[in-house]
Amino acid sequence: MSIDLQQDFFALFGLPRAYRIDEAALESAYHELHARVHPDRHAHLPDADKRRAMQWATQVNEAFATLRKPLSRAQYLLTLAGVDAGLETNTAMSAEFLMEQMEWREGVEEAREAGDETALTHLHQRLRNHAREVFDGLAEQIDTRHDLAAAAETVRRLMFIEKLQHEIDDALEALES
Amino acid sequence: MALLQISEPGMSAEPHQHRLAAGIDLGTTNSLVATVRNGIAVCLPDETGRSSLPSVVRYLADGRVEVGHDAAAAHARDPRNTIISVKRFMGRGLKDVAHVESMPYDFADTDGMVRLRTVQGVKSPVEISAEILKVLGRRAEASLGGPLAGVVITVPAYFDDAQRQATKDAARLAGLDVLRLLNEPTAAAVAYGLDNASEGVYAVYDLGGGTFDLSILKLSRGVFEVMATNGDSALGGDDFDHRLFCWMLDKTRISPPSSEDARRLQRKAREAKELLTACEEAPIHVELGSGEVVDLVIGREEFASITEHLVRKTLAPMRKVLRDAGLSPEEVKGVVMVGGATRMPHIQRSVAEFFGQEPLNNLDPDKVVALGAALQANILAGNRRADDDWLLLDVIPLSLGLETMGGLVEKVIPRNSTLPIARAQEFTTYKDGQTAMAFHVVQGERELVSDCRSLARFELRGIPPMVAGAARIRVTFQVDADGLLSVSAREMSSGVEASVMVKPSYGLSDDEIAGMLRDGMTHAGEDMNARALREQQVEADRLIEAIEAALAEDAELLDAAERAAIDQSVAALRALRQGQDHRAIKQGMDALSRVTDAFAERRMDKSIRTALTGQKVDEIQV
């Protein structure tokens, strides 16, 4: 039995394939894998070993980056289950969600144009709290009810929220410089 | 501190096989070399007992090159041929360098990296830096009593790909084997963390002679994990000197000084700045070549007020790095101060205000980077001991992207991604029968290509002719543990490997490096072939040694036929190694690598399985 580069990221870290994840176990498995594969452990070895170490360490980093963040973890679980959560292939979003989306966007746009740092920071905070609630729903949908279609819609919602958060960050950064 | 307790391939089984390694802090104003002796990192002094080597290189008409104190002493006398702060030119074009107008150099008019005309001809910053590295490498070899197996060279965390590549090229020219380019604040964190057995989130504020870095690291159970980094690779103590120099010109209303006088005034500015660390005011008295006399006094508060904009320039990166790490200032457990410029009282004050705590100054800010580099070099050379089991996880400081339609940047690898990292992107052709594609790689955070650093342009050739949009070209960006990018490409439907030709925007091409190496060899009277032979022999020994160690450990992973094939290849390489043909040795190594490929793969798998099993045992115990 060989562990190959193609195996799924949960197996790589010895974790069950689920949305709810033991973050401490993930981090410690990540560190222990790096203790084996990181290029620093192979720097005194011949070039072929160095190259292989780089490939392994790259894979371990990719796996960790994917599983560590709730949104990319959910997206990855959907991909493993053969569900495509991509926005471009599924435009059937609820009217409620579209309304909500517009309101947030208007709020951010206004604050940006006014150069209002306090309002932007406040929006960021509110959005973060909102995202937390939505994430709780995701755990229920994926792990408990196995309703992947519903999970896919939630993931799309979260992708929107994340994009908006990046826009707020960019606006704040632009104000500072 | 509880460290990871696992044996692994990098651990040296026999303590007497100590490999000589050194850490080099290649600084803007001063450079140092350090090594680990009896488990303790120490800076190596020159024959007169001085550790720090001024990063100053002077080219003399008789072909000699002076480096360090002698060169620094001559810098007012021979400004054109005496280069100071060459680090500011590494991987940079002329238009990127600040205050060019007040520099006494004769810049050559070239595209790409800055070049200087000296009495010994046109020199690139890479060659000039190589002179500094040569002196430090020789110092280490003399002190350690043998050839170096490798060095770790530190670079500012915020250095981009071109600046890193230039540093690595300089080491190559100096004949040093680079084990790793290590980020300066990370090196400092290692020295600090190991010294104080620290755990938790730390910030490293590193204001050197010409660069500013701010890194946030998480230290836990022997792992140093960089969470985010930010900075300004053109901001440092030099700028404070320059500001004071301008203030002096302004106060005295002297006419534009000659190069020699400018150097004199700049030196006085630096002395006054340093004096203000300990004293409330500093006198400035200079007699100029023109006969004019400068007689001034500057007070601490006035100095703080004329340089306030520079201090403020360090605040924006502080806010950004915390946002990227997802932290507020109170969540940072300690702020480690690095770099001579952090001695300035108003820097200390503003950092204390920002983080709401007194910064940590219990390490020598000039030496801590070199000491951290030495600790890392010792481990990377393979001198790991069981109680020495720590690991660094660093990040890429600036996003990498590609130019798309309309001069916009498509980000491929985001900043603060843990290294090494790879990302693939697919592209297609837009014309029927198109067989080539051009790409432009940039680095930076802005949306417009013109606001980012141009790293390289490359072309893909050999795409099989197809109708427009049918080809699927997968371009892979790989950034290694040194933070250096390499690019590969493949056409997915046909499997054709497209060739990638990278033209660095601000670097030296491989041909140029080879040319400089050749020139250096002729100069030193060395034979290229002899050198190549020696290099291949060392590499062959390294390979044989590694394979024998692996065979001793994991022979059971091989069947009899596989074992026989490996033994045969080892014997063949051993025979070639005794010969004089470096190309044959190289071929022997390639053959041996091929034969042992599957074995190496199995060993890595076994190692990973052991890691995971070990972890499950822990869980049961909890």
Side-chain angles (χ1 to χ4, degrees), chain A residues 1-5 7 11-15 22 24-65 68-69 121 124 128 165-166 168-170 172-177, chain B residues 4 6 8-10 19 149-150 179-180 220-223 225 316 319-320 323 376 379-384 389 391-393 417-423 445 478-482 539 542-543 546-547 589 593-594 596-597 600-602 604-605 607-616 618-619:
Chain A
M1 52 160 269
S2 148
I3 296 180
D4 69 289
L5 287 171
Q7 74 174 332
L12 182 67
F13 292 117
L15 294 168
D22 179 345
L26 172 66
E27 190 170 347
S28 101
Y30 169 64
H31 287 165
E32 290 187 32
L33 285 181
H34 262 316
R36 310 257 152 184
V37 303
H38 194 276
D40 282 3
R41 300 284 157 135
H42 304 263
H44 62 296
L45 296 175
D47 288 347
D49 294 76
K50 288 190 218 172
R51 229 178 359 259
R52 198 172 291 111
M54 182 173 75
Q55 285 165 2
W56 272 98
T58 298
Q59 175 77 356
V60 168
N61 281 334
E62 172 75 24
F64 182 66
R68 188 177 50 155
K69 290 200 180 132
T121 314
H124 199 281
R128 187 151 38 165
Q165 270 168 330
H166 284 311
I168 298 177
D169 282 346
D170 290 347
L172 280 168
E173 207 154 294
L175 279 181
E176 277 166 18
S177 52
Chain B
L4 299 171
I6 28 180
E8 47 76 50
R19 292 185 182 85
L179 296 165
R180 185 73 70 238
S220 69
R221 298 185 306 131
V223 181
E225 200 170 352
R319 279 193 291 267
K320 280 184 197 154
R323 193 160 48 234
Q376 166 86 330
I379 293 255
L380 295 194
N383 301 325
R384 187 189 298 278
D389 215 357
L391 182 71
L392 284 187
L393 297 171
S417 302
T418 303
L419 297 175
I421 184 171
R423 279 288 150 82
E445 308 311 320
Q478 171 84 57
V479 184
D480 65 16
D482 293 326
E539 185 68 14
R542 194 185 277 186
L543 182 62
I547 284 169
M589 283 194 286
S593 295
R594 272 196 304 278
T596 53
D597 215 43
E601 197 98 334
R602 273 176 235 162
M604 190 74 99
D605 289 346
S607 165
I608 285 171
R609 276 203 306 279
T610 321
L612 291 175
T613 320
Q615 182 210 344
K616 277 171 195 135
D618 282 347
E619 279 166 14

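If you're wondering where the values come from, they're calculated on a predicted model, not measured in any experiment. Quick note: numbers below take in every heavy atom, side chains included, and nothing from hydrogens, waters or symmetry partners.
The closest side-chain heavy-atom distance from B:Leu393 to A:His31 is below 4.5 Å. Considering only heavy atoms from C-beta on, B:Thr418 comes within 4.5 Å of A:Tyr30 through its side chain. Considering only heavy atoms from C-beta on, A:Pro39 comes within 4.5 Å of B:Pro420 through its side chain. Residues A:Arg41 and B:Leu391 form a side-chain contact, since some pair of their non-hydrogen atoms from C-beta on lies under 4.5 Å apart.
With rounding to the nearest 0.5 Å, the separation of NZ in B:Lys320 from CG in A:Leu172 is 11.5 Å. Interatomic distance, CZ of B:Arg221 versus CD of A:Glu32, reported as 6.5 Å (0.5 Å rounding). Expressed to the nearest 0.5 Å, how far CG of B:Leu419 lies from CG of A:Asn61 amounts to 7.5 Å.
Contacts between A:Asp170 and chain B at a heavy-atom distance below 4.5 Å are absent for every atom of the residue. Heavy atoms closer than 4.5 Å to chain B are found in both the backbone and the side chain of A:Ala57. B:Arg323 touches chain A through its side chain: at least one heavy atom from C-beta onward sits under 4.5 Å away, while N, CA, C and O do not. Interface residue B:Arg319: only side-chain heavy atoms are found under 4.5 Å from chain A.
Shown here are the side-chain contact (heavy atoms from CB on, under 4.5 Å) partners of B:Ala381, two or more places apart in sequence or in another chain: B:Arg19, B:Ala21, B:Leu179, B:Asn383. With sequence neighbours left out, A:Asp40 forms a side-chain contact (heavy atoms from CB on, under 4.5 Å) with A:His38, B:Arg180, B:Gln376, B:Leu380, B:Leu392.
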Exercise. Where do B:Val223 and A:His34 land on the side-chain contact (heavy atoms from CB on, under 4.5 Å) test, with the steps shown first?
Worked result: CA-CA 10 Å; B:Val223 181; A:His34 262 316; over 6 Å; no
For this session: For B:Met604 and A:His42, run side-chain contact (heavy atoms from CB on, under 4.5 Å): C-alpha distance rounded to whole Å, both residues' side-chain angles, the deciding distance at 0.1 Å, then the answer.
Result: CA-CA 11 Å; B:Met604 190 74 99; A:His42 304 263; 4.0 Å; yes
For this session: Starting from the C-alpha separation in whole Å, work towards a yes-or-no answer on side-chain contact (heavy atoms from CB on, under 4.5 Å) for A:Glu27 and B:Glu225.
Result: CA-CA 11 Å; A:Glu27 190 170 347; B:Glu225 200 170 352; 3.9 Å; yes
Exercise. Could you go step by step and tell me if B:Asp597 and A:Arg52 meet the salt bridge (charged side-chain N to carboxylate O under 4.0 Å, His left out) rule?
Worked result: CA-CA 10 Å; B:Asp597 215 43; A:Arg52 198 172 291 111; 2.2 Å; yes
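When all heavy atoms are compared, the tightest approach of B:Ala422 to A:Glu62 is O-OE1, 4.1 Å. In terms of heavy atoms, A:Leu45 sits closest to B:Ala546 at CD2-CB, 3.7 Å. What you find for A:His44 and B:Gly382 is that their closest heavy atoms are CG-CA, 3.9 Å.
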